[in-house]
Novice: 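Submitted below is the structure of interest, expressed as structure tokens.
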Amino acid sequence: MSGHSWLGISVGALMYLVCLTGSLAVFFEEFERWEQPHIEEYQQYSAELIDQAVGHALQRFKQLPESLYVVLPTDDVPRIHISDGDQEWFVNSDGSLSEPPVEGWTHMLKELHNHLHLPETVGLIIVASLGAMLCSLIISGLLAHPRIFKDAFKFRVGGKKHLEQVDIHNRLGVWGTPFFFIIGLTGAFFGLAGILITVNAEMSYNGDQEIMLNTVYGADPIVSNSAKTINYARALAELKQQAATATPIYLRIHKINTDNQFLEIAATLPQRLIYSEMYRFKASGEFINHQGLSDGDVGRQLAYSVYRIHFGHFNGFVSKILYAIMGIALTVLSASGINIWLNKRKQRSFLNDLWVAVVWGVPLALSLSAFFSLQGFSALLSFLWVMLAVSIGCWRIKNEIKSRGLLINMLLLSVLLLVASHIVIFGVELALSPAAFFINVALVSFSIMAGLIVHYKK
Amino acid sequence: MLIAIVCMLASVGGVFYAWKATTGEAFFAYKGKIIFTAWVGIFVSLVCWIQTLGAEYGVVYGIISLAFASWLFAAKNSELKVAQTKLKQHTQTWLAKKQLLHGAATLIVAGPIALLTSCLFSLALIKWLPFAVANKWFFAALLFPILWGLSCLWLCSADKLRGPSICLISLACLSCGILLGN
């Protein structure tokens with residue numbers, strides 16, 4: 001039990017931050033649409049549109065890109081965008097290029113979840129280590145639970161704070177175990193796979209990571225004497241013949257405008273968790289092969305399924321809602337673990353105040369940073385300044401009950417302020433358009449419902 | 001899908017009411033049988049999810065529905081009391097120097113040393129597995145975080161770090177030897 005406690009206390013605050021941002025990041029596509037609701041949205045596209053968009057994009061690049069990506073519209077994001085991995089633009093329905101995606105609040109949220117805004121490799125390893133710690137906390141939590149069956153449904157609300165937190169922690173933890181374990185393991189995979197690849201390549205492939213990755217994920221085809229122009233229409237028609245149920249999600253043009261160019265169409269398959277299967281075509285549109293991500297070795301299929309399993313991006317919006325609720329449950333689990341430890345202590349100290357600042361300050365900072373980001377300020381700087389102000393404020397107040405009440409009220413007001421500012425900036429029509437409607441309604445509903453709960457509790 | 005949801009709710013409900021049954025109640029005599037049947041029901045619900053959504057989505061939805069159904073019954077069982085909000089004495093406590101040093105040492109051993117050991121051991125372990133390369137690699141990728149997490153847990157529970165550190169470093173050397181051996 002002491003190992004579980006110490007490990008939990010050591011990683012508690014970061015775990016809380018990563019879980020909360022992860023729960024919100026489930027909806028990153030919706031947030032991106034909300035941030036730019038004026039971008040043209042459509043589901044139908046043609047090969048001519050893709051051809052025109054590629055032509056316009058190539059005119060804008062100073063150098064010929066190694067690969068060009070055309071991300072196709074889906075039910076979740078009915079927009080086309082084109083990118084070389086560095087520069088990116090949305091595409092209008094007439095094939096012309098629109099504005100680039102903003103690197104605003106959603107970008108900040110994703111980066112915070114993925115690598116805590118630290119240098120990418122270090123941040124990825126730290127976040128991945130939290131996934132590994134989550135797995136060991138789950139195992140040790142189950143082993144250390146002396147009354148796992150006796151207390152299976154016990155839930156004391158109110159009364160002694162310590163008992164309430166213990167019940168919240170144990171009920172959420174025990175019944176959510178399989179799901180939380182999967183999330184921890186897949187989260188760890190993202191960052192630690194890189195280390196494993198580096199070490200394994202060094203030990204078994206003379207340091208050549210490409211050979212190793214090709215062995216695991218499959219290699220690209222070698223194409224020569226390609227046609228000068230890419231026949232998208234034929235490739236899309238061939239795809240329908242090869243895999244009638246596949247839904248294309250993006251195209252990748254390799255070695256564009258060279259003799260070795262070829263086209264890859266990434267497509268999702270029904271009832272499959274793999275991110276996509278990759279179908280390869282010659283520039284003439286003739287089918288070459290598929291990468292075997294859907295029917296290759298089990299390890300390859302699983303490795304390619306990790307993204308959708310972790311983020312819940314499958315089977316439409318229902319999965320996203322369920323994942324967000326489970327994510328919030330994991331966030332509460334992290335917070336209640338630290339609450340148990342703080343309540344067990346004989347006295348209070350600045351740690352109690354700082355913990356309130358983290359638990360209620362992070363959502364407030366996220367909400368206010370979204371507000372400032374809409375006004376054109378840096379989302380990350382706003383987030384950090386708000387967190388600093390909240391931490392100093394809580395430390396000065398030295399009363400966590402008072403601080404918590406204040407922060408909750410500020411959070412609810414800031415969410416309403418955020419929606420109001422969105423309406424003022426983009427106008428009522430865009431704020432209620434399909435691109436922004438869900439987020440605005442969800443934010444207002446959250447604020448009203450949470451306000452009612454707070455009022456009822458008082 | 002409806003059958004899967006209803007089956008899950010009924011099964012978890014069965015576990016809940018059997019759990020709640022006290023001596024003297026008629027229900028109590030059949031407690032064991034009811035719990036067993038309910039767990040079979042949970043399995044049947046999982047099969048229904050798989051039938052409806054396919055094996056991959058079905059398993060994910062199955063485990064999420066198990067959590068939701070259980071939390072629902074735990075919420076139903078909640079005992080509401082007036083919250084006690086008495087604040088304890090606020091003091092300027094700080095961790096002792098010894099505790100800080102132990103924490104820093106644990107961080108060093110649990111961080112880079114345990115990380116490297118788990119990585120090397122995972123790779124060494126899969127060397128003899130009779131699977132395809134992709135399968136072996138993915139197995140190592142799953143094993144690695146679990147081993148690292150468990151070694152951190154071991155280090156956090158240990159009073160002294162010397163023993164676990166020596167064990168981890170020895171294991172890292174052994175794994176390295178195996179990997180470089182062929």
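Chain naming here is simple, since letters A, B, ... match the order of the sequence lines and numbering starts at 1 in each.
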Novice: Between B:L115 and chain A, with a heavy-atom cut-off of 4.5 Å, which part of the residue counts as in contact: side chain, backbone, both or neither?
Specialist: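 It is the side chain, since no backbone atom gets that close.
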Novice: Side chain, backbone, both or neither: which part of A:L213 has an atom under 4.5 Å from a heavy atom of chain B?
Specialist: neither
Novice: Below 4.5 Å from any heavy atom of chain A, which atoms of B:L153 appear? Answer side chain, backbone, both or neither.
Specialist: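 Looking at B:L153, backbone and side chain both touch chain A.
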Novice: Is there a donor-acceptor pair closer than 3.5 Å between any side-chain N or O of A:T198 and the backbone N or O of A:G194?
Specialist: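 At least one qualifying donor-acceptor pair exists.
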Novice: Between A:R300, A:M326, A:E164, who has the most heavy-atom pairs with chain B when the cutoff is under 4.5 Å?
Specialist: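 The residue among A:R300, A:M326, A:E164 with the greatest pair count is A:M326.
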Novice: Over 60° means perpendicular and under 30° means parallel, so tell me whether A:F189 and B:F138 are parallel, tilted or perpendicular.
Specialist: tilted
Novice: Looking only at heavy atoms and a cut-off of under 4.5 Å, which of A:L185, A:V298, A:L322, A:L196 has the most pairs with chain B?
Specialist: A:L196
Novice: Name the region of B:Y61, side chain, backbone, both or neither, that has any atom closer than 4.5 Å to a heavy atom of chain A.
Specialist: side chain
Novice: Looking at B:L116, B:N135, B:V12, which makes the most heavy-atom pairs under 4.5 Å with chain A?
Specialist: B:N135
Novice: Taking every non-hydrogen pair under 4.5 Å, which of B:G54, B:S70, B:S78 racks up the most with chain A?
Specialist: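 Counting heavy-atom pairs under 4.5 Å, the top option is B:S70.
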Novice: Does A:D167 pair with A:K154 as a salt bridge, N-O distance under 4.0 Å?
Specialist: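 Looking at A:K154 together with A:D167, the answer is no, because their closest N to O distance does not fall below 4.0 Å.
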Novice: Name the option with the most non-hydrogen atom pairs under 4.5 Å to chain B; the candidates are A:I309, A:I182, A:I197, A:V306.
Specialist: A:I197
Novice: Judged by modelled atom types alone, do B:N77 and B:W19 share a side-chain donor-acceptor pair under 3.5 Å?
Specialist: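 B:W19 and B:N77 do not have a side-chain donor-acceptor pair below 3.5 Å.
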Novice: Tell me, for A:Y304 versus chain B, whether the close heavy atoms (under 4.5 Å) come from the side chain, the backbone, both or neither.
Specialist: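 The answer is neither part of A:Y304.
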Novice: When only pairs under 4.5 Å are counted, which of B:L123, B:V60, B:V133, B:L142 shares the most heavy-atom pairs with chain A?
Specialist: B:L123
Novice: Compute the centroid of each ring, for B:F121 and then for B:F144, and state whether the two points are separated by less than 6.0 Å.
Specialist: no
Novice: Evaluate the criterion ring-ring contact (aromatic ring centres under 6.0 Å, His included) for residue pair A:W175 and A:F180; output intermediate values, then yes/no.
Specialist: CA-CA 10 Å; A:W175 291 109; A:F180 298 149; over 10 Å; no
Novice: By a 4.5 Å heavy-atom criterion (distance strictly below it), what part of B:S65 contacts chain A: side chain, backbone, both, or neither?
Specialist: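 Neither part; nothing is under 4.5 Å.
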Novice: Quick check: A:F311 with A:Y323 (ring centres under 6.0 Å apart)?
Specialist: no
Novice: As an exercise: rank A:S129, A:A188, A:A193 by heavy-atom pairs under 4.5 Å with chain B and give me the winner.
Specialist: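 Result: the option with the highest number of such pairs is A:S129.
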Novice: For chain B, which candidate among A:L134, A:V174, A:I195, A:T186 shows the most heavy-atom pairs at distances under 4.5 Å?
Specialist: A:I195
Novice: Quick check on B:L147 against chain A: is it the side chain, the backbone, both or neither that has a heavy atom closer than 4.5 Å?
Specialist: neither
Novice: Considering only heavy atoms and a distance below 4.5 Å, find which of B:F68, B:W71, B:W154, B:W148 pairs most often with chain A.
Specialist: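 Max contact count across the listed options: B:W71.
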Novice: Sort out for me which of A:T215, A:L302, A:V318, A:V199 touches chain B most, counting heavy-atom pairs under 4.5 Å.
Specialist: A:L302
